[in-house]
Amino acid sequence: MASRIVIVGGGLTGALAAVRLHEAGHAVSLHERREDPRRSTEHQGRSINLAFSTRGLDALDRVGLSETLREHGIPMRGRMLHGRDRSVTFQPYSADPANVLLSVSRDGLNAMLLDAVDERQIPTHFGQRLVDIELKASNAVFEVGQGRQSELFEVLIGADGAYSAVRNRLQRTDRFTYEQNYLEHGYKELTIPARADGSFAMEPHALHIWPRGGHMMIALPNPDGSFTCTLFWPFGGPVGFERVDTEREVNETFLDQFPDAVELMPHLTDEYLHHSTSSLVTIRCGPWFYEDRVVLLGDAAHAVVPFYGQGANAALEDVTIFIDLLAANDGAWGPTMASFYAQRKPDTDALADLALDNFVEMRDRVASPLFRLRVRAEQRVHRWAPRWITPLYEMVTFSRTPYVEAVARAKRQTALVERLMLALVALVLLVVVATIVLVVV
Ligand code: FAD
């Protein structure tokens, strides 16, 4: 039976949910706080590129958009590591060259999804900020200009991001648990422009990383030949946003930390001093639903730090899982919301941990020769015996294996490899001892 659904948030999750629920036969309306982003040029120094992979592509495939995204995205085959001595080393993401990340603009993807909403003539309301939900009356209250407007709903979807107003309202219901953790690091976006002839100033088919132990910079390619760089620095400390705040300090610090990048960044000091610095938060909460009427999807339910390149992929995968469960429950909202939360919450908790751990991997471990050797060995063994060993990165990024299962399998694999290595060492020792005994006797 068709329900009257109000979706709060016209970002990636809200727009995709609007299309999927409309196609499932429901009467959907989409309400977004901002003005239509397709007509606005306001960026505040943030243009966020996404490393996009299998989970997100699969979700887009279900609304016929994955091919369009592939055409727009730039394939990144691996990590390009930049040393302080200007050395560069390439590490492929997978032994299978078909497994690539796509560098895509978040705004571009959002526009593509909003166009898909328009094509289906789903009513959209920009400039409407949710300010309250009267839960008993199933009434959503929006601020519109100077006034307020109410919208009755049968089901309300909270897809309004990490600082969700819907979640904020659920926090005032009984036994709602909420936890937010900020990193000591923040981020700032900078640019490496295209060369004068429009070509890329660095290898375009890679995600560039300048790992520096306690901090790092990364760069993702854009179709216009430029790279969007993201600087992940602590707020405090000698190499930190609070200390480095003059033209001279910016130049000196960058020349010391990222000498090969500085030459390619003609607007460095201007961008550094004028672009905003943003914080990085992990949000865990629950339950993600209220009775059979309100549910949280995407970042509103589980914001993670960006270091596994999975936030948007997981947010879009939420929509796939939710719609599948709705079909499996014959359109019954209560059981769908409850089973969605029960199934998905452990996975996104696991993803939150993976994302935090990957920050250390990206800024530190990737630079170690031992790490590189292990990655190469894992990829090689995976190629020979894919049923025995699949690297964790591969399961998370290039499959839809639930995150919890991927982590558990990776742990089993590590234990197996360690046992094999021990057995190998024991065998070598045995051979050495046997040889000595034979020679002596
Ligand atoms: P959002 O994109 O936050 O959208 C929420 C929408 O709701 C917004 O349009 C907002 O304006 C609207 N809204 C908010 N409040 C209200 C209100 N009260 N009323 C009405 N509307 C409201 N993910 C990846 O998969 N790969 C990456 O490489 C990657 N890199 C990232 C890099 C950075 C620096 C950051 C910050 C994030 C990155 N992410 C990445 C994560 C990704 O951007 C998010 O997971 C994704 O945008 C979540 O989509 P969403 O629609 O749930 O939330």
Side-chain angles (χ1 to χ4, degrees), residues 6-18 29-38 40 42 45-57 59 73 76 101-107 109-111 113-114 124-133 140-144 149 151 156-169 183 185-189 207 218 220 228-232 275-283 296-319 348 351-352 355 358-359 362 396-397:
V6 163
I7 298 183
V8 182
L12 308 183
T13 309
L16 181 65
S29 66
L30 186 66
H31 302 255
E32 164 59 45
R33 175 183 60 180
R34 297 170 295 167
E35 292 308 322
D36 188 339
R38 292 166 295 180
S40 151
E42 195 193 345
R46 274 199 302 263
S47 56
I48 298 181
N49 279 38
L50 304 173
F52 207 71
S53 50
T54 299
R55 294 168 203 266
L57 281 167
M76 300 184 291
L101 297 180
L102 289 178
S103 172
V104 301
S105 139
R106 186 170 74 174
D107 289 350
L109 175 57
N110 199 177
L113 284 165
L114 288 172
T124 48
H125 306 276
F126 293 100
Q128 290 204 354
R129 184 168 75 91
L130 182 96
V131 285
D132 194 14
I133 307 171
V141 183
F142 294 92
E143 194 177 73
V144 186
Q149 198 170 300
E151 201 75 42
L156 182 140
I157 309 254
D160 51 345
Y163 301 98
S164 167
V166 178
R167 186 187 65 230
N168 201 16
R169 177 63 190 88
L183 282 191
H185 293 69
Y187 73 93
K188 189 189 281 289
E189 292 201 336
L207 192 155
I218 66 169
L220 275 75
T228 302
C229 304
T230 314
L231 186 63
F232 294 101
H275 285 182
S276 55
T277 308
S278 306
S279 48
L280 293 161
V281 71
T282 301
I283 288 172
L296 302 172
L297 297 181
D299 273 18
H302 48 75
V304 298
V305 291
F307 305 110
Y308 225 111
Q310 282 294 307
N313 284 288
L316 296 179
E317 191 180 46
D318 275 4
V319 179
T348 55
L351 172 60
N358 217 44
F359 186 27
M362 285 176 86
V396 169
T397 308

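Counting convention: from 1, in listed order, for ligands and their atoms alike. Worth knowing before you read on, the calculation uses all heavy atoms, side chains too, and leaves out hydrogens, waters and symmetry mates.
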Report the residues that fulfil ring-ring contact (aromatic ring centres under 6.0 Å, His included) with Phe307, sequence neighbours left out, ordered by chain and then residue number.
->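 Partners of Phe307 under the ring-ring contact (aromatic ring centres under 6.0 Å, His included) test: Phe232, Phe359.
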Polar contact flag, side-chain donor to acceptor under 3.5 angstrom, Gln128-His31 =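 Yes - a donor-acceptor pair under 3.5 Å links their side chains.
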Minimum heavy-atom distance between [X] and [Y], given as atom pair plus value:
{"X": "Ala159", "Y": "Ile7", "value": "CB-CG2, 4.5 Å"}
{"X": "Ala15", "Y": "Leu114", "value": "CB-CD2, 4.1 Å"}
{"X": "Thr13", "Y": "Ala315", "value": "OG1-CB, 3.4 Å"}

Please assess Val166 against Ile133 for the test side chain to side chain contact (heavy atoms under 4.5 Å, CB included), listing each intermediate value before the final yes or no.
-> CA-CA 7 Å; Val166 178; Ile133 307 171; 3.9 Å; yes
Residue shell around ligand 1, heavy atom under 4.0 angstrom =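 Under the 4.0 Å cut-off, ligand 1 touches Val8, Gly9, Gly11, Leu12, Thr13, His31, Glu32, Arg33, Arg34, Ile48, Asn49, Leu50, Ala51, Arg106, Gln128, Arg129, Leu130, Ala159, Asp160, Gly161, Ala165, Tyr187, Gly298, Asp299, Pro306, Gly309, Gln310, Gly311, Ala312, Asn313.
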